[in-house]
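Throughout, a chain's letter reflects where its sequence line sits, starting with A, and its residues are numbered from 1.
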2 protein chains.
Amino acid sequence: MNQSGMRGDRHLPPTDPPSLAERIRLDMESFTPSEKRAAHLLLSHYPFAGLDTVAEFASRAGISAPSVLRFVTRLGFGGFPDFQKHLREELEAQLLSPLAKASPSDKGQGAPALASFAEAVIGNLKATVENIAPAEFEAVVALLSDQRRHIHFTGGRFTGALARYAESHFRIVRSHVDFIEGQPALWRDRMIEIGRKDVIVAFDIRRYQEDVTALCETAAKQGATVVLLTDPWLSPIARVARHVLPAHIVAPSNWDSSAGLLLLTEALVATVTKRLWETAKPRMETVERLRNERS
Amino acid sequence: MNQSGMRGDRHLPPTDPPSLAERIRLDMESFTPSEKRAAHLLLSHYPFAGLDTVAEFASRAGISAPSVLRFVTRLGFGGFPDFQKHLREELEAQLLSPLAKASPSDKGQGAPALASFAEAVIGNLKATVENIAPAEFEAVVALLSDQRRHIHFTGGRFTGALARYAESHFRIVRSHVDFIEGQPALWRDRMIEIGRKDVIVAFDIRRYQEDVTALCETAAKQGATVVLLTDPWLSPIARVARHVLPAHIVAPSNWDSSAGLLLLTEALVATVTKRLWETAKPRMETVERLRNERS
DNA sequence: CAAAAGCTGTATCAGAAATTTCAGAACCTG
DNA sequence: CAGGTTCTGAAATTTCTGATACAGCTTTTG
């Protein structure tokens, strides 16, 4: 009986308002390239991007005005004013309704995976922030803001990318910054130069890598200050580290998430940049100028 | 010259949002009768009543269009468009930061900086997830799960680290994975081998890098499929990209945050790993065994 | 590889919207 | 109640926006 009902309830979204944004996401495939640009712009600043003029919208999206018009026409509106009116009404309805926020549970295949993954990552970030001792964070900032010291970044097979990311930013903010490959053969020789004025910033999460540990132990033995970014179970490097910043890493995946480590890294970059602004600003301008000249 | 502080607009109240509505309430007495009607209409449906046309607003308020114009002029705006723009911006600011109550008070201490930074990053992640088209994400997963294709990762000076991060994971999950340096000299030769069966996954956010764009354009010209992870303003690579995944990147820093890109990367890794589990599992075990043997 | 179809931007136009002008109405003020 | 001031709206004016036609280009298809 009632066959339609059987499959129907699997497709009909239980959520009330068939938001325009949702429709756009679903139809994204059928759009032409420039329509996709318009769609992305609109979704990224939904719905405010659409409340400006056609010219403004087109300019921001990097397409021409007629393309914008064709876009809104394809969405089923009679014209741009119609489109704007819809956005305003939707916005008003949404703003006046009490919750309305947490609804958009998309049905598709990819979305739930992405959404739940994101949720887990966000949980990690919150937990990470709460478990960082302010004094510890501040101490690391002070260390990295000391221009007389040399800063060396290193990491394991996955976290090495984060170390590189950190290095590529700090290299611009201040001098005496470099990256050390994890393989012993690559750093054994350089260890002769590591001393009391050096800082090793190591990234290491579980499946702790022996070569990174060895590097840090050697450096510490020579008097270097070791800063460790790791997981809550603490890499063995913690034994020789002056400062430890742990991040939560568990995600619904076969892999650990490094988002917390990235958060700490970026927060350190941001804070140190502000603290060294007087000297960092001219450096950044110079770098920018050199880049432009080259091209 | 240029004595800061002389500017007239310095009398900003210490309280955060000097909402227009508040000002109108305070100045209500000084309005003329028809201006009061305009003010009441605006406040009763704030701010949506002001987003319509002058004629509409005048009609609803029961006054004439010129009276509306005089009203907004008296409020200090250069014209009706200015007035509307202000309303939109105020609305957007209010809607986008239901969390960001604490304004970026740069007290310099470490912990608040970390907390507010984390809040911004979390906001970015949420916005990123909401603006990703499920079909787009799914399409990319399918592409990266196709074992017959070759996957190449690349990125700019900062995002290159993310590309490496992605590569170091996918390399273990499946075969035919590599990393391409951004510098043209390093990839020109390899381009000869790029064809229809190749997939280029490019990371590129603003200050878009010309060499990465050139790489993708060349690859696309040879028939490769280009996947782009970028910011909401879309790297020029979007022109040749089959799929685009934009991530929000604005943070209270002099630098952009790549957390959204990392989230997408890790979500892709997690999903593809699950999909290829049959073949990925033995691969991962083998990798693990080889690592242990070596040490 | 050629033809067809589709997509996109430039140039242009029509029309609507905001703004100004100005004369009359309402309201004080003495 | 007359003179002056302020306020208001109809109509004229100007600005600017959204819409369209068309041609070049890219991609697809046979």
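Rounding to whole angstrom units, CZ of residue B:Phe31 and C1' of D:dT8 are separated by 17 Å. For the pair A:Phe71 CZ and C:dG9 C1', the computed distance is 18 Å after rounding to whole Å. The CG atom of B:Leu51 sits 16 Å away from the C1' atom of C:dA17 (whole-angstrom rounding). The CZ-P distance, from A:Arg74 to C:dG6, rounds to 11 Å in whole Å. Rounded to an integer number of Å, the gap from B:Glu35 CD to D:dG9 C1' is 14 Å. One interatomic measurement links the two molecules: NZ of B:Lys36 to P of D:dC7, which rounds to 11 Å at whole-angstrom precision.
Applying the salt bridge (charged side-chain N to carboxylate O under 4.0 Å, His left out) rule to pairs touching residues 166-191 of chain B yields B:Arg164-B:Glu181, B:Glu167-B:Arg171, B:Asp178-B:Arg190, sequence neighbours excluded.
By the 30° and 60° cut-offs, the orientation of the rings of B:Phe170 relative to B:Phe153 is parallel. Taking the six-membered ring where the residue is Trp, B:Phe31 and B:Phe71 present perpendicular rings, their angle passing 60° and hence far from 30°.
Within the 4.5 Å cutoff, side-chain heavy atoms of B:Leu215 are placed close to those of B:Met191. The side-chain heavy atoms of A:Arg25 and B:Glu136, taken from C-beta on, include no pair separated by under 4.5 Å.
Between the axis at the start and the axis at the end of the helix from C:dC1-D:dG30 to C:dG30-D:dC1 there is an angle of 30°, using five pairs per end and rounding to 10 degrees.
Scanning both residues, B:Asn131 and A:Ser44, for their nearest heavy atoms gives ND2-CA, 3.6 Å. A pairwise comparison of heavy atoms in A:Tyr46 and A:Leu20 identifies OH-CB, 3.4 Å as the closest pair.
When B:Arg149, B:Gln222, B:His152, B:His176 are each tested for a side-chain hydrogen bond (donor to acceptor under 3.5 Å, both in side chains) with B:Asp198, only one passes: B:His152.
Of the side-chain N and O atoms in A:Ser34, one or more sit less than 4.0 angstrom from OP1 or OP2 of C:dT8. Regarding contacts with the backbone of C:dG9, a side-chain N or O of A:Ser67 is found under 4.0 angstrom from either OP1 or OP2.
Salt-bridge check for A:Arg60 with A:Asp52: passed, with a basic side-chain N closer than 4.0 Å to an acidic carboxylate O.
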Could you run through nucleotides 16-30 of chain D and give me one letter per nucleotide, 5' to 3': B if any protein heavy atom sits under 4.0 Å from the base, S if only the sugar-phosphate is that close, - if neither?
-SSSB----------
